[in-house]
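In what follows, a structure is listed as structure tokens, so that the remarks can point back to it.
Heavy-atom basis, side chains included; hydrogens, waters and symmetry copies ignored. Counting begins at 1 with the first residue of the sequence. These figures come from a predicted structure and were not determined experimentally.
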Amino acid sequence: MSDGTSQFEELLKAETTRMSVEFMAYGAVIGFIVGAAAVLIFQDMLLAVMS
């Protein structure tokens, strides 16, 4: 019983680690896209104000 439980816990731990890594990767990609869009919009506004 305890053997199966430990195996399940190891699997759960590995799955959690994998999910957190995927979550960080998705977060980085989304953050990059949002940042790039914000920079483009900000540049556009700056150009509109300057002209």
Side-chain angles (χ1 to χ4, degrees):
M1 185 67 184
S2 62
D3 188 48
T5 306
S6 65
Q7 197 177 7
F8 176 71
E9 282 175 359
E10 287 296 317
L11 197 68
L12 201 67
K13 205 183 295 180
E15 187 72 13
T16 304
T17 305
R18 190 177 64 81
M19 278 186 61
S20 64
V21 169
E22 278 185 9
F23 184 73
M24 285 194 305
Y26 281 127
V29 169
I30 291 167
F32 179 75
I33 291 168
V34 168
V39 166
L40 287 173
I41 291 167
F42 185 69
Q43 278 184 337
D44 214 33
M45 282 170 54
L46 210 64
L47 283 171
V49 168
M50 288 298 203
S51 60

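- With salt bridges taken as basic N to acidic carboxylate O contacts below 4.0 Å, none links E9 and K13.
- Annotation: the span from M45 atom CE to L47 atom CG amounts to 11.0 Å, rounded to 0.5 Å.
- From L11, atom CG reaches atom OG1 of T16 across 9.5 Å, with rounding to the nearest 0.5 Å.
- Atoms CD and CD, on E15 and E22 in that order, are 8.0 Å from each other to the nearest 0.5 Å.
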